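Encoded as structure tokens, the structure appears first; notes follow it.
Note that the structure is a prediction, hence the values are computed from the model and not measured. Proteins get letters first, then strands, A, B, ... in listed order; numbering begins at 1 in each.
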Amino acid sequence: MLSRLGYPSEDINCFELNGVKVALPIEPPDPSRLGGLAVGLLGVSAHNPSPNATLLRVRGVAFEDEVKLKAYIEFLRELRARDHRFLGRKLDLFTINELSGPGLPLFHPKGMVVWRGLVELIREVNRRLGYMEVYTPHVYRAELWRVSGHYHLYRDKMLIFKVGDEEYGVKPMNCPGHILIYKSRPRSYRELPIRYSEFGTVYRWEQSGELYGLLRVRGFTQDDGHAFLREDQVKDEVKAIIREVYWILRLFGFREEDVRVSLSTRPEKSIGTEEQWRKATEALMEALEELGIQYTVKEGEGAFYGPKVDVDFRDSLGRWWQCSTIQVDFALPERFDLTYKGPDGTLKRPVMIHRALLGSIERFMAIIIENYAGKLPTWLAPIQVAVLPITRRQEDYAIAIHGRLVREGFRAEIWDASTTVSRRIKRSYELGIPYIVIVGRGEEELGKITVRGRGNVEARLITLGQFIEVLKREVETRSPRQLLTELTSKMEIQG
RNA sequence: GCCCCGGUAGCCUAGAGGUUAGGGCGGCCGCCUUGUAAGCGGCAGGUCGCGGGUUCGAAUCCCGCCCGGGGCUCCA
């Protein structure tokens, strides 16, 4: 039984379906078919489209048949199973505590393992790109934020407070600190580009409704970098950065078709000369074209201080994320009166490039937790190996194996025989541990081990040395695959 | 920040004005000594988010606040 109800609002279509009032934000192609669809209820919310009408909106999804509906429900289940907010707790990576504050995550030891893995990865990239790591304070005199413009343009997101007679502000961005390092002495054109990087923790007072796990927080750490360079150096710098962004995405298993690049041009409200904008925008376009990268142009979407290139990528569930950003900036060099001595002896104004590769460590961590469904590749896994003695009689042997693994630099734990083997194996699967080493009487007598990988691959009775060699290679190459499979196939040949 | 929904032990959850708030996971203790995705038994663990109100009586009803979830808006 289906009937159309009056419109309380122009953009909502209301029907009564089997006695339940249903509001659809879109006009269904054939309203009379509504009754024959498979409908799943997603949520209920109230809206007040006009002063004298209250609308209860029941949100649901309709599919042509039960099979498609079930597939969608399965997708939602998958989302929940991969949700980094639950996995973060289960894997003991981080928590967000009501007492310490919303949007301010606390990273546990295991979470810091993943964090450090990402930071070390970016340190390598920074070395290749020539970015030198610096460290700057978290709090600055408000005067600095006046000079940078943040005091006026960004104030609603900033933490500004008074100490005695003077105001201070917690940093929402790292650039001003890096600028002051640049300004610490006169610069020559011969030095450029000067590149600074910092894993800088910034605080932005986001509105409470915008917070979302690690994906949207109030305190986060950027893998930030600023290059000070001549305008004619912009193109090469951007090319080098984008190449590295692609390298990083490939490392995490994102393919070309999962990456989307956009170029944002001059917005209406902006500073700088036409000439500067033209040069910078052309430099960005040329960089993208020379790399053979397809991109879309977002007219007028640039920052007020310069054009930018953003790299979005798509995770295994088809959701797009924006992390990497490369922005050209004419404004801050001017505001801080940055100069360098040109070859002709006159003072010139450098251009700045702001860039973040992962964007925020927190957000990127959340994305990879979800993308791997908690089963992190071995190089990032907080526990790489769990050693399981079958019975207490093998515990000394297990201790010896564990000790060797730890000395070789691996993150290993012993799970003693106080509970059953299958229970411990189940737990290792739940925690997404890459490898379990199982040692029973047979292994101990032969001085060997049995290794089982996450994908149910098993290498029986190999030597610890063989396993360490594979493990080492897997970690050093940051392999997304488990290299144990090589050992198992070898074993089959032998066996 | 706005709209709706929610908050019960470390985690998941039963409970809808009436005894000592019940269960599962996890934890601890004991038994078992285990060979590949949950062995058995016991014990501990709760200001029912916080504050106020209604009532003879509140986890349960009302108000305020805090926190979370879904959406809007915004971003890395």
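- Ring centroid separation for the pair A/Tyr435 and A/Phe467 comes in under the 6.0 Å cut-off.
- Per the geometry, CZ belonging to A/Arg89 stands 5 Å off P belonging to B/rC11, to the nearest Å.
- Between A/Glu244 and A/Arg128, at least one side-chain nitrogen of the basic residue sits less than 4.0 Å from a carboxylate oxygen of the acidic one, meeting the salt-bridge criterion.
- Within the nucleic acid shown, A/Thr450 comes within 4.0 Å of at least one base atom, counting heavy atoms only.
- Distances were taken from every side-chain heavy atom of A/Arg363 (C-beta onward) to each of B/rG39, B/rA76, B/rG1; the shortest belongs to B/rA76.
- Among the atoms of the strands shown, only primed sugar atoms or phosphate atoms (P, OP1, OP2) are found under 4.0 Å from some heavy atom of A/Arg393.
- Proximity of A/Thr419 to the phosphate of B/rU34: no side-chain N or O atom is located under 4.0 Å from OP1 or OP2.
- In this structure, A/Arg424 does not reach the B/rG35 phosphate: none of its side-chain N or O atoms is under 4.0 Å from OP1 or OP2.
- Between A/Arg80 and B/rG70, a side-chain N or O to OP1/OP2 separation shorter than 4.0 Å is absent.
- Atom-to-atom, NE2 of A/His150 to P of B/rC75 comes out at 14 Å; the value is rounded to the nearest Å.
- Between the OH atom of A/Tyr429 and the P atom of B/rA38 there is a distance of 11 Å, given to the nearest Å.
- The backbone N or O of A/His84 lies less than 3.5 Å from a partner atom in the side chain of A/Glu370, making a donor-acceptor pair.
- A donor and an acceptor atom, one from each side chain of A/Thr136 and A/Lys171, are located under 3.5 Å apart.
- For the residue pair A/Asn126 / A/Glu133, no side-chain donor-acceptor distance below 3.5 Å is found, with atom types taken as modelled.
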Between protein and nucleotides 40-42 of chain B, what N or O pairs are separated by less than 3.5 Å?
none

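- Nucleotides B/rC29 and B/rC66 are separated by 42 Å at their P atoms, to the nearest Å.
- Look at A/Ser422 and you won't find any side-chain N or O under 4.0 angstrom from OP1 or OP2 of B/rA37.
- Rounded to a whole Å, the NZ atom of A/Lys90 is 12 Å from the P atom of B/rC12.
- Atom C1' of B/rG26 sits at a distance of 13 Å from the matching atom of B/rA44, rounded to the whole Å.
- Rounded to an integer number of Å, the gap from NZ of A/Lys426 to P of B/rC25 is 11 Å.
- Outside the 6.0 Å centre-distance limit, the rings of A/Trp320 and A/Phe313 are not counted as a close aromatic pair.
- A/Tyr203 does not carry A/Arg218 over the face of its six-membered ring by the limits of under 6.0 Å from the centre and within 45° of the normal.
- Checked against B/rG68, B/rU34, B/rC74, the side chain of A/Ile390 finds its nearest nucleotide in B/rU34.
- Remark: C1' of B/rA76 and NZ of A/Lys171 are 15 Å apart, rounded to the nearest angstrom.
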